[in-house]
**Student:** 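Quick one: the structure is below, questions incoming.
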Amino acid sequence: MKITNKILEKHGIKNEEYESIQKLLKREPNFLELGIFSAMWNEHCSYKSSRVHLKKLPTKGKQVIQGPGENAGVIDIGDEDAIVFKIESHNHPSYIEPYQGAATGVGGILRDVFTMGARPIALLNSIHFGSPDHPKTKSLLNGVVSGIGGYGNCIGIPTVAGETKFNDTYNENILVNAMAVGHAKKNKIFYSKAKGINKSVVYVGSKTGRDGIHGASMASAEFDENSEEKKPTVQVGDPFTEKLLLEACLELMKDDSIIAIQDMGAAGLTSSSVEMASKGSLGIELQLEKVPCREENMTPYEMMLSESQERMLIILEDGKEENAKKIFKKWDLDFVIIGKTTNTKNLTLKFNNKIEGEIPIEALASKAPVYKRKWVKKSLPKKTVDLKKLKKIKLEDALIKILSSPNHSNKSWITDQYDQMVMCDTIQRSGSDAAIIKIHNKEKAIAVSVDSSANYCKSHPSSGGKQIVCENWRNLISVGAKPLAITNCLNFGNPENEKIMGEFAECLDGIKEACEFLDYPVVSGNVSFYNGTNNKNIFPTPVIGGVGLISSLRKPINHKLKKEKSSLILIGKTFGHLDQSCFLKENYSISDGAPPKINLVNEKNNGEVVLSLINKDLVLAAHDVSNGGLIVSLSEMAMNSYYGMKIEKVKKLRNLFEYFFGEDQGRYILEVEHSNSPKVKKMLSDANIYYENIGYTQKKYFEIEGEFKININDLSKMNNQWYNNY
Amino acid sequence: MKSSVIVFPGSNCDRDIAVALEKMQFKNQMVWHKETTLPKSDLIVIPGGFSYGDYLRSGAIAGKSLIIEEVIKAANSGCFILGICNGFQILTETGLLKGTLLRNKNLKFINRDVNIKVINNSSKFTSKYKLGQVLKINIAHNEGNYFTDDKHLKELKRENLIAFKYCDEKGKISEDSNPNGAIENIAGILNAKKNILGMMPHPERMIDKLVSNTDGLNLFSSLLN
Amino acid sequence: MKFSVTVTLKKDVLDPQGKVVQNTLLNLGMDNLKSIRQGKFFEIEIDEKDEEVAKKRINEMCQKLLANLIIEDYKINKL
Amino acid sequence: MKFSVTVTLKKDVLDPQGKVVQNTLLNLGMDNLKSIRQGKFFEIEIDEKDEEVAKKRINEMCQKLLANLIIEDYKINKL
Ligand SMILES: Nc1ncnc2c1ncn2[C@@H]1O[C@H](COP(=O)(O)OP(=O)(O)O)[C@@H](O)[C@H]1O
Ligand SMILES: [Mg+2]
């Protein structure tokens, strides 16, 4: 077949790129080879626009066993235990078919984790939808939530935390990011680097069908009116088969049969075989007629580019084939030796002994294009809102407006659809700052949380980038965990647009700065560009997934108030920053100005002191102050607990609204036993931490002295309504 | 006491129930569904999860497996059988328990701690509970909406075969406290000989204060008596 | 030889799914909808020349697995 | 007026349910079974005299709710 411009366009290959391909091959590629280049060179697999920036991120630390570059990151949590985790996007497929798109997103990220020898122990997700009034939002929300639940529940891994946001920037392009966390033995981690020549390359799992051909290129293309045409690329997930694959792989991993293992994710057989060979500086030869197929007459092109789910590629040690086969048969899965490693450094594709394609591995991997795309800086927005010019509103009404808004409503409509308890190690389920999962049979636990702040990132990307890392770190601290490392999912618009590329570069600068300062390295991640339609790009939405360690289990901490008459202490300084706040957005539909400033020194000191207070058992409940400000955080501590509180008149008051709704960073609220209060305050003063006594807990009522008093059950009711009425 | 937990492809609460049984000093064995003989056991547990993905109907395909014939034999000779969640669904598919479990009335998966009331405390499974005691137990299912015909429903009541009903914190049984639409709020039933219990809630999830509560423990300790 | 099998809930069995679908359709403005019941559909291909024998085999499949006779009815059609 | 609607997965789309059912039937000894695919079935009654109009309404229901056109096809039959 002659390679025409139209074919190139269909494969998303630019003319300059086609020239490089010809140079690398020293000839024209055939159709199969072109398909393989297109899969490996697209944004999703090659990171061609992002790579230069990703290099900036800190990825090392004494807690890091494996940083970015493998299927998932690996960190050390003491003893012989390691935690393996990663986040990934499935935005475009989920917009086209929300149930299957979200489900296969969960399936994909789980494979990344168990490929490395870890048993998955928790799932998280970050989902962003368009405005609730948008005609598509409701069915997308329903589909995505039931797809996430459908997959996780069936395979039996608890979905324990996440975030759900609505903003019209996602009207035509929702975000569905899924994170998986697994537990492994430190000395039993499996990697994807091939070693040795003439080793068996084994295909295991489901059969290959025609589904998802060119899914990876779809993930790298903008939507347009013709995206309907791209529909058949949606894949159907089969969590049952994945459960079998998980158990079979973990069983095989008990001994040392495996040299290298790689799941078939985006670009299926192509990327998995190229990746293994490339890491080992080897060649790989596949006999494609051996690939187990679901449909008749599948071509090499279709086999190489299919994105059928629930498949893996394994390179086995000599002589281990029979035993391995037995294990996969036991679990009713296909097991076929489809090729071998070679010393040619080529990807060699044969079909019935005829060579159908041959490409130097280098050309597909290390020599794939890298772009230093142009980008522009964004200056800090100046505009600030003059409160005096706004319509007067009651403090109580403003609070209620926020608590009953879609973005701040209680999420149990969602989380009730997820099995959060299976595996019986979930100590803290959804609803608190972070979830807590016990390490099975051990006296320790991990805490996990995912966070994003798209409006802050839009307004000022580098502040926004810093802020999410800090918020994520605070969320872990608030449940008494020492934050160890993060994974990140970078959801952005079209990188060929200089402004978007600027948002990307600067968000990463912010993330880098915060991670470095907090010793909170990045161990894995994913980039999703081209989120948007017809040049309308989404807000920059980096999502941070963090893992922290609770090294000895005591009664876990959460944000719910525990007692009557205990003291409430606010840690961190309140300046009253209202620009970009939820208060202005929900009450006045104002969303301009700069995001709050990040002071990394205070952030770190405050966090470390809070953690040490928790570790000394001096804290009854803790909650960070974030979106919505102090008053929203306080009310969250009261709702769904049995106690309310009385907040005393603010002394150094400038403006009530600024004080209560300001979104200044680095703050926490602690509930402290009355008798422990002097001790805690002394420790805070000794550590030079700014704090305020703001009130005490009481029965039944949420009360701001001199302003209003409301029954906490009524408050909960308002917070619980939205989803049920939607 | 010796127990066996049957493991189907897609079972996912098998480890959880094993942990619970071992905590209560059962001598437990896991039995793979392709086995054709059962180890000698006093208690056989069919755990929760999604056997065969719950494809077709939940429990239908597991109900046709080889090992199930052995379970039926054991049941008929008086061995105690406990089916939890998917295990309950499998027991109804095999006919060891009557009735069936339909989709939840809201057509959604439900995971929540719910209250259930002990309706029968004279069975071997429930003797350590007080009559009318309210337990807080986790449910996690798509199809927990128990349904049976009038004749069987009358039999259940007449013979005192309803083990648990969904209720509120105070023990009130009403439409509001019925999470899934089950007929008369039924959460668990016994067979006529009272050696088989099927229940949707997961007692094995309630054996540790740190994770949840210990309301499930007495179910296992009842069996030890 | 190809057959279709439809499996539906018996009349007196509550059909939560059908009910929700019906409500949703009514909400979507399909006001002349009188009733809707949901069931399963199978398309089965069988390697058998004799139609009678084939039907018997399909019937067996329904009895043994495809339908739960306590709550479901089934119908077989040649395609 | 009564109609039946069958909704089936498009040809190349994975049918995990059908796959498991097929394996189970084979294990139960149905060895001349060649293939089985699973779909949904609806029996719909509609208050409408004109068959053409009725069909159009049913078609609309399929498009809007009953079928997921991205992965499924549907067929309408008058009963
Ligand atoms: N899609 C979701 N899946 C699971 N849990 C969710 C989801 N959305 C929100 N949650 C949970 O709801 C709670 C509130 O979320 P959020 O307000 O984002 O918390 P925070 O501000 O502390 O990060 C958290 O415990 C979170 O884990
Ligand atoms: Mg928080």
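Naming convention: chains lettered A, B, ... in sequence-line order (proteins, then strands); numbering from 1 in each chain.
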**Student:** Looking only at heavy atoms, which of residues 45-59 of chain C get nearer than 4.5 Å to chain D?
**Tutor:**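 Residues in range: C/E45, C/I46, C/D47, C/E48, C/R57.
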**Student:** So which bits of residues 20-29 of chain D come within less than 4.5 Å of chain C, counting non-hydrogen atoms only?
**Tutor:**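 Hits under 4.5 Å: D/V21, D/T24, D/L25, D/L28, D/G29.
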**Student:** Under a 4.5 Å heavy-atom cut-off, does chain C meet the side chain of D/S4, its backbone, both or neither?
**Tutor:**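 Contact with chain C is absent: no heavy atom of D/S4 under 4.5 Å.
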**Student:** Any side-chain heavy-atom pair from D/V7 and C/F41 closer than 4.5 angstrom?
**Tutor:**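 D/V7 does not reach C/F41 side chain to side chain.
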**Student:** Do C/M30 and D/K64 touch side chain to side chain, with heavy atoms closer than 4.5 Å?
**Tutor:**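 They are in contact (side-chain heavy atoms under 4.5 Å apart), so the answer is yes.
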**Student:** Around atom NZ of D/K75, are there more than 12 heavy atoms from other residues, nucleotides or ligands closer than 6.0 Å?
**Tutor:**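 At most 12 heavy atoms, drawn from other residues, nucleotides or ligands, come within 6.0 Å of this atom.
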**Student:** Less than 4.5 Å to any heavy atom of chain D: does that hold for the side chain of C/I44, its backbone, both, or neither?
**Tutor:**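 Its backbone and side chain both get close to chain D.
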**Student:** So does D/K10 have more than 12 non-hydrogen atoms from other groups sitting under 6.0 Å from NZ?
**Tutor:**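 It does: D/K10 NZ has more than 12 such atoms within range.
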**Student:** With rounding to the nearest 0.5 Å, note down the distance linking CD in C/Q17 to NZ in D/K40.
**Tutor:**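 Between atom CD of C/Q17 and atom NZ of D/K40 there are 8.0 Å.
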**Student:** Does C/M61 reach the side chain of D/L33, with side-chain heavy atoms less than 4.5 Å apart?
**Tutor:**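 SC-SC contact between C/M61 and D/L33 confirmed.
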